[in-house]
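The block underneath contains the structure these notes are about, expressed in structure tokens.
These values consider heavy atoms only, across backbone and side chains, with no hydrogens, waters or symmetry-generated copies.
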Amino acid sequence: MTSRARSGAGRAGTARTGTAVVAGVDVGGTKVAVILVAADGTTLARAVRPMRTRSAPDGIEPIVNTIRAALAAAGTAVGDLVAIGVGVPGRVEPDGVVRLAANLGWHDIPLAARLSAEFGVPCAVGNDVRAAASGLLDHEVAGGIRNLAYVAVGTGIGAGLVLDGRLRLGSRGMAGEIGHVVVEPAGVTCSCGQRGCLETVASGPAIARRAAEAIAAGGSSVLAGVEPLSAKAVYEAAGAGDPLACAIVEEVGRALARAIVGLVLTCDLELVLLGGGVAGAGSVFLDPILNHLAELRAGSPFVAEMIPAGTVRSLPPVFDAVAWGGVALARTVAGTSAAPGPGAAGPISL
């Protein structure tokens, strides 16, 4: 495969039988997204289906159906599929067993084995954020940079780290858990048991909670009475100039900017790419982060040198980062990896 994946989707039905393809799969709490990628890195098709079934016995049916839908859209036979890679939100063992995925209601699901049995091809499964970081490494969106982080801001906050062209997992496979770095020691209790984690300030649920608390305390906002109150609603209100919403997104931007500075300084990163559901708000999400980074640069020549303008960027609005991570996993398990560049290693477990 080529060392630079091309992100443009091909027309449905243009692929021909006999074209070897891999499937990259993003399994979320509400949807499954699949992209099919040919040997030359061209995206042949994309399919998205609801993740309707969450019970353990039937949980893989939406995944199977979405992979088959992508194959049909590409006009590619099932027999042309050579490998599958899947990113899931949770703890995944090296053998592809999803030990815990709370958003899916999964415990000890042998996902890799089940999908391999269904399609008759090898399958690799990894944590979604770390898989996404691995997939970005050899994608054109990273521009050949070998030291980068993918930071996902959504229901939770996490980072995948690539250093010297290699995905870094750490001794417990948990490197990049910046969502549980404490930023407000007197803050609210996090699901991890600590107080004031970054997730309690800047994740999607935290943003919605902060808006609800401000309104309950007497704050005036167009968000009053909005049900359900979500991070998306807060960012839409901020984009329309609502003062309460603007104050919240500024606080979120400040917290994320400082977390990103810590991550870059710790790992000496050249690039940080932001994605996830909250990041999908676009400039109203990104601008406060960039503004606070500019303030930090202005006050510190060291920060200015280490984190120059352009270090932090959002991924394109429609970009399947986790699915591209699945493609990277699929290429590895199929033994047909793209030339990964200096310092890259062999098979990876995420």
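- Arg130 has a carboxylate O that lies under 4.0 Å from a charged side-chain N of Glu177, or vice versa, which qualifies the two as a salt bridge.
- The side-chain heavy atoms of Asp287 and Val284, taken from C-beta on, include no pair separated by under 4.5 Å.
- Here the side chain of Ser300 pairs no donor or acceptor atom with the backbone of Arg297 at under 3.5 angstrom.
- Of the inter-residue distances, the one linking Leu161 atom CG with Leu148 atom CG reads 9.0 Å to the nearest 0.5 angstrom.
- In this structure, Trp324 and His139 have perpendicular ring planes: the angle between them is above 60°, well past the 30° mark.
- Distance alone, capped at 3.5 Å, places no donor-acceptor pair between the Thr266 side chain and the Leu263 backbone.
- Side-chain N/O atoms of Arg68 and Asn65 include no donor and acceptor closer than 3.5 Å.
- Taking 4.5 Å as the limit, some side-chain heavy atom of Val25 sits within range of a side-chain heavy atom of Ile67.
- Arg195 contributes a side-chain N or O that, together with a main-chain N or O of Gly187, makes up a donor-acceptor pair within less than 3.5 Å.
- Proximity of a side-chain donor or acceptor of Glu199 to a complementary backbone N or O of Ile157 within less than 3.5 Å is detected.
- When all heavy atoms of Ala131 and Leu329 are compared, the closest pair comes out as CB-CD1, 4.1 Å.
- Under the 4.5 Å side-chain heavy-atom criterion for Ile, Leu, Val, Met, Phe, Trp and Tyr, Val151 and Leu293 are members of the same hydrophobic cluster.
- Under the 3.5 Å distance criterion, the side-chain polar atoms of Asn147 are matched with a main-chain donor or acceptor of Asp164.
- Rounded to the nearest 0.5 Å, atoms CD1 (Ile215) and CG (Leu229) are 5.5 Å apart.
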Quiz item: Stepwise, does the side chain to side chain contact (heavy atoms under 4.5 Å, CB included) test hold for Leu71 with Val78?
Solution: CA-CA 7 Å; Leu71 289 165; Val78 174; 3.9 Å; yes
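- Each salt bridge (charged side-chain N to carboxylate O under 4.0 Å, His left out) pair with one or both residues in residues 303-330, not counting sequence neighbours, appears once here: Arg46-Asp320.
- In terms of heavy atoms, Val333 sits closest to Ala83 at CG1-CB, 3.9 Å.
- A salt bridge links Arg209 with Glu213; the closest basic N to acidic carboxylate O contact falls under 4.0 Å.
- Note that OG1 of Thr43 is 9.0 Å distant from CG of Leu36, once rounded to the nearest 0.5 Å.
- Between His180 atom NE2 and Met174 atom CE the span is 7.5 Å, to the nearest 0.5 Å.
- No side-chain donor-acceptor contact under 3.5 Å links Asp80 to the backbone of Ala20.
- Between Val141 and Leu315 there is a side-chain heavy-atom pair separated by less than 4.5 Å.
- Side chains of Ile207 and Val278 form a contact here, defined as non-hydrogen atoms less than 4.5 Å apart.
- Residues Val97 and Val92 have side chains not in contact (no heavy-atom distance under 4.5 Å, counting atoms from C-beta outward).
- At least one side-chain heavy atom of Cys123 sits less than 4.5 Å from a side-chain heavy atom of Val86.
- Grouping the Ile, Leu, Val, Met, Phe, Trp and Tyr side chains by contacts below 4.5 angstrom, directly or via other members, places Val272 with Leu286.
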List the atom pairs, donor and acceptor, that lie under 3.5 Å between side-chain atoms in residues 233-261 and the rest of the protein, sequence neighbours left out.
{"residue": "Asp242", "atom": "OD1", "partner": "Ser221", "partner atom": "OG", "Å": "3.4"}
{"residue": "Asp242", "atom": "OD1", "partner": "Val222", "partner atom": "N", "Å": "3.1"}
{"residue": "Asp242", "atom": "OD2", "partner": "Ser221", "partner atom": "OG", "Å": "2.9"}
{"residue": "Asp242", "atom": "OD2", "partner": "Leu244", "partner atom": "N", "Å": "3.4"}
{"residue": "Asp242", "atom": "OD2", "partner": "Ala245", "partner atom": "N", "Å": "3.0"}
{"residue": "Glu250", "atom": "OE1", "partner": "His292", "partner atom": "NE2", "Å": "3.3"}
{"residue": "Glu251", "atom": "OE1", "partner": "Arg210", "partner atom": "NH2", "Å": "2.4"}

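- The minimum heavy-atom distance linking Ala45 with Ala73 is given by the pair CB-CB, 4.0 Å.
- Taking the side chain as every heavy atom from C-beta outward, Arg49 and Val34 never approach each other to under 4.5 Å.
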Practice problem: Verify side chain to side chain contact (heavy atoms under 4.5 Å, CB included) between Phe285 and Val153, making sure each step is shown before the conclusion. | Solution: CA-CA 10 Å; Phe285 165 80; Val153 183; 4.2 Å; yes
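- A donor-acceptor pair under 3.5 Å is formed between the side chain of Thr66 and the backbone N or O of Pro62.
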Practice problem: Let me see the working for Val162 and Leu136 under side chain to side chain contact (heavy atoms under 4.5 Å, CB included), right down to the final yes or no. | Solution: CA-CA 9 Å; Val162 173; Leu136 288 167; over 6 Å; no
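- Atoms SG and CD, from Cys197 and Glu184 in turn, are 10.5 Å apart once rounded to the nearest 0.5 Å.
- For the atom pair CG (Leu111) and OG (Ser116), the distance works out to 9.0 Å, reported to the nearest 0.5 Å.
- For the pair Glu270 and Thr311, the tightest heavy-atom approach, listed with the atom from each and the gap, is O-CG2, 3.6 Å.
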